[in-house]
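Shown next, in structure tokens, is the structure this report addresses.
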2 protein chains.
Amino acid sequence: MKPRSSPNIGISEVERETGLSMDVLRKWEGRYGFPAPLRDGRRTRRYPPQQVERLRLIKRLMDTGMRPSQLVGQDEDALAAFARKAPDARHEACAIFLVRLRNDGPEGLRQQLLREHMSLGTERFVLDIIVPLNTAVGDAWARGELDLHEEHAYSEVIQCVLRNMANQLNGAGYAPRVLLTTLPGEEHGLGILMAAALFSLHEAYCISLGTQTPVQAIALAARAHDVDVVALSFSSAYPRRRIGPALDALRRELGAGVEIWAGGAGAARMRAGTSGTLPLATLEQGLEALRRRPATRASGMPASVASSP
Amino acid sequence: MKPRSSPNIGISEVERETGLSMDVLRKWEGRYGFPAPLRDGRRTRRYPPQQVERLRLIKRLMDTGMRPSQLVGQDEDALAAFARKAPDARHEACAIFLVRLRNDGPEGLRQQLLREHMSLGTERFVLDIIVPLNTAVGDAWARGELDLHEEHAYSEVIQCVLRNMANQLNGAGYAPRVLLTTLPGEEHGLGILMAAALFSLHEAYCISLGTQTPVQAIALAARAHDVDVVALSFSSAYPRRRIGPALDALRRELGAGVEIWAGGAGAARMRAGTSGTLPLATLEQGLEALRRRPATRASGMPASVASSP
DNA sequence: AATCGAGATTTGTCTACGACAAAATGCTTA
DNA sequence: TAAGCATTTTGTCGTAGACAAATCTCGATT
């Protein structure tokens, strides 16, 4: 056996474990004095587990909108206090499901969700259960009440349920034709799955490409499948500054004949009017956009999108 | 309107579009003279689309095992020649499905797969259809015969089919209990889905965490669900040098009571005997490992894993 | 001819520190 | 209150070099 391996880990591993880039980790070290990794024989940084844990907590709080200057300099107690104060949007309805997940595992949650689906019908199920449940899980995660692995397990279950719904509903002749995906860097695919389920229900033809499709590939796909709409989703974690340029690039590749819809918490705070894109703050708005669409195919962009204010 | 948006993109966007890190892109520039990005007003690099395309091609070829020195210095023609020579493991059986995908879209492929599943039964369907189909798609993508968006669409369909199989088969009292996921940096989740389907079929209890679970979260999950086995998957694109250290870290967090199984094309070329891990080159080997497991729970590690040569 | 090991080469990661623009914040004024 | 404007914060990108691990090369040995 090798008794060697110290529990301290290198900077790239910290990047992967926390989601904070190496550049940021080094900058913080200089600016705030934290983290303060040890150095091994060469000058390479080695982070003790305790500091990694604290970084994880900081990242969680930052994802809720807090800023590094408020967090990185603080000690453990202050951070813990912030975590307690983090938002908590729990409906009573949601609590049941999270208890299920913890007590009966993924399988238990799945059962409960299917039951609810049968009882409410697809549209109400998605809008009234899945959506608030997602935010509840996000909040619980930010507060540290939910472990990352529970969040992963949750995500898997939801994914499975939504995929089934979307697939069973999707029909060959439906219109408009909608391509759903996320841009590179956006790993959260729940948004497009929810959209696919609801859109299919309202007889749109949905083609999902999963997450992280490069702009160029989206354009090719749009042409290959002759879609009317490209629907993208941006989570709140997606860096806002990147949304505008990315949408510009997409519009350039796509040409003018295809609508771009941007949904998700990240898109809600988007600077408006970017390159003929229709921002959809909520799924309800997405459904409305679907209803308002001119019935005829290939009718160009609707006024709401084409006009640049 | 701002007509001033040049099609050239920045280095971080190239990183996301190609999967090559900024460090590597800069090093190649110095070492091989390629890429040779333009510079904007400040000194920042701006990559023309053509160079990005070539980088994509290089990355594809490198994922098949070629080395930068053979590729990065070469011109377009030489690279195209390499692409033509890339492996091509197409069974006749596979061609049908890919034609389906291209002609009838994702929905067409799904229908065809379901038909085949019914006809062959789950085990043969996964081992004889899905597995070769995956490598055929990978090869086609490396050869440039398949667009990225087609690969994404394919992946979505397969995912959906496999998830359904795994979920319908999974049962409460099954044993052993297996946790399936991938490490951060490994985005390909098809491997664990295939494993989950087959393992469930053989009455293992499968818990999937999706992709990219940090080591510490895996350890917590393993404890929370009281699993006997943690099964990881590594694609051929996963940097080999990272596998060993990552598995060491996992073993440290996990303690000795839980087996670690490593599958996938990346694990197949792993340096053997790393930190009490059982490498599984193929899914068949995975099933065999399942059969050989001592029937009793909590029986410690089997000899094949515990012995350190 | 196949295998092995030592030495050379390739390759990606890591370090350091400065420059800088975009975003967020605070402050003033209409 | 809202709309500017100045200031601070913050992340990204730049250069250049050190270095270890992976891989290749080639001669010696079995």
Side-chain angles (χ1 to χ4, degrees), chain A residues 8-16 18-32 34-35 37-47 55 58-59 61-73 185 236-246 248 266 269-271 274, chain B residues 8-16 18-32 34-35 37-47 55 58-59 61-63 65-73 185 237-246 248 266 269-271 274:
Chain A
N8 300 346
I9 63 181
I11 191 171
S12 62
E13 202 169 346
V14 176
E15 168 172 344
R16 285 191 296 275
T18 65
L20 298 164
S21 80
M22 299 193 318
D23 268 344
V24 164
L25 288 169
R26 286 194 277 251
K27 274 282 176 252
W28 285 2
E29 193 177 323
R31 281 175 184 160
Y32 311 107
F34 183 87
L38 311 174
R39 302 299 181 119
D40 71 355
R42 302 183 292 296
R43 294 178 279 182
T44 69
R45 295 166 170 83
R46 307 248 96 206
Y47 295 79
L55 286 168
I58 291 172
K59 178 59 163 36
L61 291 171
M62 273 191 19
D63 284 345
T64 73
M66 307 197 76
R67 313 213 52 205
S69 60
Q70 303 173 276
L71 297 170
V72 186
S236 58
Y238 194 87
R240 236 169 301 179
R241 75 165 58 102
R242 218 178 276 158
I243 299 184
D248 286 340
R269 329 175 195 161
M270 191 181 74
R271 62 181 64 244
T274 319
Chain B
N8 299 347
I9 63 180
I11 191 171
S12 62
E13 202 169 344
V14 175
E15 168 172 343
R16 284 193 300 275
T18 65
L20 299 163
S21 80
M22 299 193 316
D23 268 344
V24 165
L25 289 170
R26 286 194 277 250
K27 274 284 176 241
W28 283 5
E29 192 178 325
R31 282 176 182 160
Y32 312 107
F34 184 87
L38 311 174
R39 303 298 180 118
D40 71 354
R42 303 184 290 295
R43 290 179 278 181
T44 66
R45 295 167 170 82
R46 307 247 95 208
Y47 295 78
L55 286 168
I58 290 172
K59 178 60 162 40
L61 290 171
M62 275 190 20
D63 285 345
M66 307 197 78
R67 310 214 57 205
S69 58
Q70 305 173 275
L71 298 169
V72 187
Y238 194 86
R240 236 171 301 179
R241 75 162 54 95
R242 216 177 277 160
I243 298 185
D248 287 340
R269 333 176 194 158
M270 193 181 72
R271 62 180 61 243
T274 319

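In summary, B/Arg242 and A/Glu13 do not engage in a salt bridge, as defined by a charged side-chain N under 4.0 Å from a carboxylate O. Using a 4.0 Å cut-off between a side-chain N of Lys or Arg and a carboxylate O of Asp or Glu, A/Lys59 and A/Asp63 qualify as a salt bridge.
No donor-acceptor pair under 3.5 Å is formed between the side chain of A/Arg45 and the backbone N or O of A/Ile11.
Atom OH in B/Tyr238 sits roughly 15 Å away from atom C1' in C/dG12 (whole-Å rounding). In this entry the distance linking OH of B/Tyr47 with P of D/dC13 reads 10 Å, nearest Å. When the C1' atom of D/dT15 is taken as reference, atom CZ of B/Arg26 falls 9 Å away, rounded to whole Å. Whole-Å rounding puts the B/Arg39 CZ to D/dG14 C1' distance at 8 Å. To the nearest angstrom, P of C/dG12 lies 14 Å from CD of B/Glu15. The distance between atom CD of A/Glu13 and atom P of C/dC14, rounded to the nearest whole Å, is 10 Å. Atom CZ of A/Arg16 is separated from atom C1' of C/dG12 by 13 Å (rounded to the nearest Å).
Dashed line: the shortest gap from a side-chain N or O of A/Arg43 to OP1 or OP2 of C/dC14 is not under 4.0 Å. Under 4.0 angstrom from either OP1 or OP2 of D/dT15 there lies at least one side-chain N or O belonging to B/Arg45.
B/Met62 contributes atom CE, which lies 10.5 Å from atom CD of B/Gln70 (distance to the nearest 0.5 angstrom). To the nearest 0.5 angstrom, A/Thr44 atom OG1 is 8.0 Å from A/Arg39 atom CZ. Residue A/Thr18 holds its OG1 atom at 9.5 Å from CD1 of A/Ile58, rounded to the nearest 0.5 Å.
With a 4.5 Å cut-off on side-chain heavy atoms, A/Val24 and A/Ser21 count as touching. A 4.5 Å side-chain heavy-atom check between B/Leu55 and B/Leu25 finds at least one atom pair inside the cut-off.
Contacts of A/Tyr47 classified as ring pair (Phe, Tyr, Trp, His ring centres under 6.0 Å), with partners at least two apart in sequence or in another chain: none.
In the helix from C/dA1-D/dT30 to C/dA30-D/dT1, the end axes, each obtained as the rotation axis mapping the C1' atoms of four pairs onto the next four within a five-pair block, lie 40° apart to the nearest 10 degrees.
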Readout for nucleotides 6-12 of chain D: B = base within 4.0 Å of protein heavy atom, S = sugar-phosphate only, - = neither; 5' to 3' it is ---SBBB

